[in-house]
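Below you'll find the structure, written out as structure tokens, and then a few comments.
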Number of protein chains: 2
Amino acid sequence: MANAVQSYHHGDLRSALIEAATARLSEYGIDSLSLRKLAEDAGVSRTAPYHHFKDKSALLSAIAAKGFSDWHTAAKRIFEQEDKTPKARFREFVHEYIGYAADNPEMYELMFGRTIWQNQAATNDLKDVAFPCFQFQVTMTRYWQDKGLLPNNQDALRLAQVTWGTLHGIARLLIDGIYADSSHIDEMCDCAADLFMQKQP
Amino acid sequence: MANAVQSYHHGDLRSALIEAATARLSEYGIDSLSLRKLAEDAGVSRTAPYHHFKDKSALLSAIAAKGFSDWHTAAKRIFEQEDKTPKARFREFVHEYIGYAADNPEMYELMFGRTIWQNQAATNDLKDVAFPCFQFQVTMTRYWQDKGLLPNNQDALRLAQVTWGTLHGIARLLIDGIYADSSHIDEMCDCAADLFMQKQP
DNA sequence: AGGCTATGTTGACAGTGTCAAGATAAAACG
DNA sequence: CGTTTTATCTTGACACTGTCAACATAGCCT
């Protein structure tokens, strides 16, 4: 990866850019992520990235797509632990969701933030990865309803939107710096889980 | 207000900047809000704003402070309607919260977004207005607990964080463009309210 | 071998936040 | 009243951004 830098053609600039971007994202944050710096990291000129991505937003979408893919895998892993009770898995999911956001704040911001979703800016490639991820939330909700953990008198889609909204909201309040004190994350997660499962204390 | 433009000294540049910023914010969004354009709107040079605000973030904080003040007033008005039942007021609060966000997406983004809260960037002036607003959420939560609407076996602070998180999450998913279909806002609000008040169907 | 195409380059433009240094007017002070 | 301080505003400059246009290179296909 570090050898063929001298040649005129990079070889795999697209991957190199995504890699550099992911690294810079987690280290310096999305706000100070510039195409020019990424190009420099990859050892190419400022405008080279434009032969692989339509614009900056397209590059960001590509990174986010990777994030969605990873998260979807993680969510499925938690959800499909046969050896644990549905209730335990539900609680674990809540903790893991917030945990993922807290551990990867800039990636979370990118994936679920306005940068790539606003004004229908989302790439089709991104939607293809993200929508199944959203859909999985509904699938899980329906399952938990069937198991009696979540209220059965609510539409699964609405309920999924609300439960996801809760997790998303807590995650954002944390990573955006509004909940300055992040020492009670687990307590908040438990409180949320308890609230959802009010009938099963 | 539009007369003394010719004079060397503006007179009330600070207010003019905030006014111009508020107008531009709701019309063009926070991303395309630049100090230079605001200065032009006010009829002064690019760097004049720096005599009234430390930097761009300070100006944004000032606008947000106004937003918090307004929202706090609105929230109190809803909460203190003596002629309505606590339950009705709770439900109304949920709808109004999401409604405020949906009607003023850019202001909401500014008030509750990372722009002004990240890295302890928040001004003290801002905190002085915002914290009571947050605190009011806890006060209301405790009240609703006392009235038996919300579970009494939870710490009021945690519960307030979770319920607020829910509202915030739904609001953000809507205004950030992730919930592309905004035609079921009211249903989501009712679902959330029902979920919180599970024991009072 | 020759040309097409993917990929890379430099130059340029409009825009941004922000600092430094100088100009002006209003307010404070003797 | 005159003078000096202070608040406010101005121009100039810098480093940085995303992105377009025009040109250069090299690998691939016929």
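Chain letters run A, B, ... following the sequence lines, proteins first, then strands; residues in each count from 1. Computed over heavy atoms, backbone and side chain alike; hydrogens, waters and symmetry mates excluded.
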_Within the 4.0 Å heavy-atom criterion, would you say A/Ser34 contacts the bases, only the backbone, or no part of the nucleic acid?_
sugar-phosphate
*Please report the C-alpha distance between A/Glu40 and A/Arg46 in whole Å, then the side-chain angles of each, then the deciding distance to 0.1 Å, and finally whether the salt bridge (Lys or Arg N to Asp or Glu O under 4.0 Å) criterion is met.*
CA-CA 7 Å; A/Glu40 196 173 3; A/Arg46 312 143 244 155; over 6 Å; no
*Between C/dT7 atom C1' and A/Leu17 atom CG, what is the distance in whole Å?*
12 Å
*Can you tell me if the side-chain N/O atoms of A/His52 get under 4.0 Å from OP1 or OP2 in C/dG8?*
yes
*asked:* In this structure, how many angstroms lie between the P atom of D/dC16 and the NZ atom of A/Lys37, rounded?
replied: 8 Å
*asked:* Rounded to whole Å, please give me the gap between CD in B/Glu40 and C1' in C/dG17.
replied: 16 Å
*For DNA chain D, the residues among residues 20-28 of chain A that have a non-hydrogen atom under 4.0 Å from it*: none
_Run the side chain to side chain donor-acceptor pair (under 3.5 Å) test against A/Ser183 and tell me which residues pass, sequence neighbours left out._
A/Asp181
_Atom-to-atom span, CG of B/Leu13 to C1' of C/dA25 - whole angstrom_ = 15 Å
*Please identify each residue that fulfils side chain to side chain donor-acceptor pair (under 3.5 Å) with B/Ser15, with sequence neighbours left out.*
B/Asp12
*Of the nucleotides D/dT8, C/dT9, D/dG18, which one has an atom closest to the side chain of A/Leu35?*
D/dG18
*asked:* When you measure only distances, ignoring hydrogens and angles, does the side chain of A/Arg46 come within 3.5 Å of the base of C/dG11 through a donor and an acceptor?
replied: yes
Identify each donor-acceptor pair in which a side-chain atom of residues 92-102 of chain B lies under 3.5 Å from a protein atom, sequence neighbours left out, and give them as a table.
{"residue": "B/Glu92", "atom": "OE1", "partner": "B/Gln81", "partner atom": "NE2", "Å": "3.3"}
{"residue": "B/Glu92", "atom": "OE1", "partner": "B/Lys84", "partner atom": "NZ", "Å": "2.9"}
{"residue": "B/Glu92", "atom": "OE2", "partner": "B/Gln81", "partner atom": "NE2", "Å": "3.4"}
{"residue": "B/His95", "atom": "ND1", "partner": "B/Asp186", "partner atom": "OD1", "Å": "3.2"}
{"residue": "B/His95", "atom": "NE2", "partner": "B/Asp190", "partner atom": "OD1", "Å": "2.9"}
{"residue": "B/Tyr97", "atom": "OH", "partner": "B/Tyr108", "partner atom": "OH", "Å": "2.7"}
{"residue": "B/Tyr97", "atom": "OH", "partner": "B/Trp164", "partner atom": "NE1", "Å": "2.7"}

*Select one nucleotide: of D/dT19, C/dT16, D/dT8, the one nearest the side-chain heavy atoms of A/Tyr50.*
D/dT19
_Near DNA chain D, counting only heavy atoms under 4.0 Å, which residues of residues 53-60 of chain A show up?_
A/Asp55, A/Lys56
*Whole Å only: how far is the CZ atom of B/Arg14 from the P atom of D/dT8?*
11 Å
*Which nucleotide in C/dG17, C/dC19, C/dT10 has an atom nearest any side-chain atom of A/Thr47*: C/dT10
List the atom pairs, with distances to 0.1 Å, where a side-chain N or O of residues 47-55 of chain B and a protein N or O form a donor-acceptor pair under 3.5 Å, not counting sequence neighbours.
{"residue": "B/Asp55", "atom": "OD1", "partner": "B/Ser57", "partner atom": "N", "Å": "3.3"}
{"residue": "B/Asp55", "atom": "OD1", "partner": "B/Ala58", "partner atom": "N", "Å": "3.0"}

*asked:* Working to the nearest 0.5 angstrom, can you tell me the gap between A/Thr115 OG1 and B/Asp176 CG?
replied: 8.5 Å
*asked:* My understanding is that only residues two or more places apart in sequence, or in another chain, count here; which of them pass side-chain contact (heavy atoms from CB on, under 4.5 Å) with B/Asp155?
replied: B/Leu157, B/Arg158
_Please evaluate residues B/Asp83 and B/Arg89 with respect to the criterion salt bridge (Lys or Arg N to Asp or Glu O under 4.0 Å), reporting the C-alpha separation (whole Å), side-chain torsions for both, the decisive distance (0.1 Å), and the verdict._
CA-CA 10 Å; B/Asp83 55 329; B/Arg89 276 179 279 165; over 6 Å; no
_Determine whether a donor-acceptor pair (one donor, one acceptor, N or O, separation below 3.5 Å) exists between the side chain of B/Arg36 and the base of C/dG15._
no
*Counting side-chain heavy atoms from CB outward, which of C/dG8, D/dA13, D/dC9 is closest to B/Ser45?*
D/dC9
*Residue pairs involving residues 21-30 of chain B (criterion side chain to side chain donor-acceptor pair (under 3.5 Å); sequence neighbours excluded)*: B/Arg24-B/Asp41
For residues 118-142 of chain A, tabulate all N or O donor-acceptor pairs below 3.5 Å that involve a side-chain atom, not counting sequence neighbours.
{"residue": "A/Thr123", "atom": "OG1", "partner": "A/Ser61", "partner atom": "OG", "Å": "3.2"}
{"residue": "A/Thr139", "atom": "OG1", "partner": "A/Gln135", "partner atom": "O", "Å": "3.2"}
{"residue": "A/Thr141", "atom": "OG1", "partner": "A/Gln137", "partner atom": "O", "Å": "2.7"}

*asked:* Can you work out whether A/Leu33 or A/His51 has the more 5'-proximal nearest nucleotide on DNA chain D?
replied: A/Leu33
_Set of residues satisfying salt bridge (charged side-chain N to carboxylate O under 4.0 Å, His left out) with respect to A/Lys66, sequence neighbours excluded_ = A/Asp70
*Heavy-atom contacts under 4.0 Å between residues 112-123 of chain A and DNA chain D, which residues?*
none
*Using side-chain contact (heavy atoms from CB on, under 4.5 Å) as the criterion, list what pairs up with B/Ser34, not counting sequence neighbours.*
B/Arg36, B/Lys37
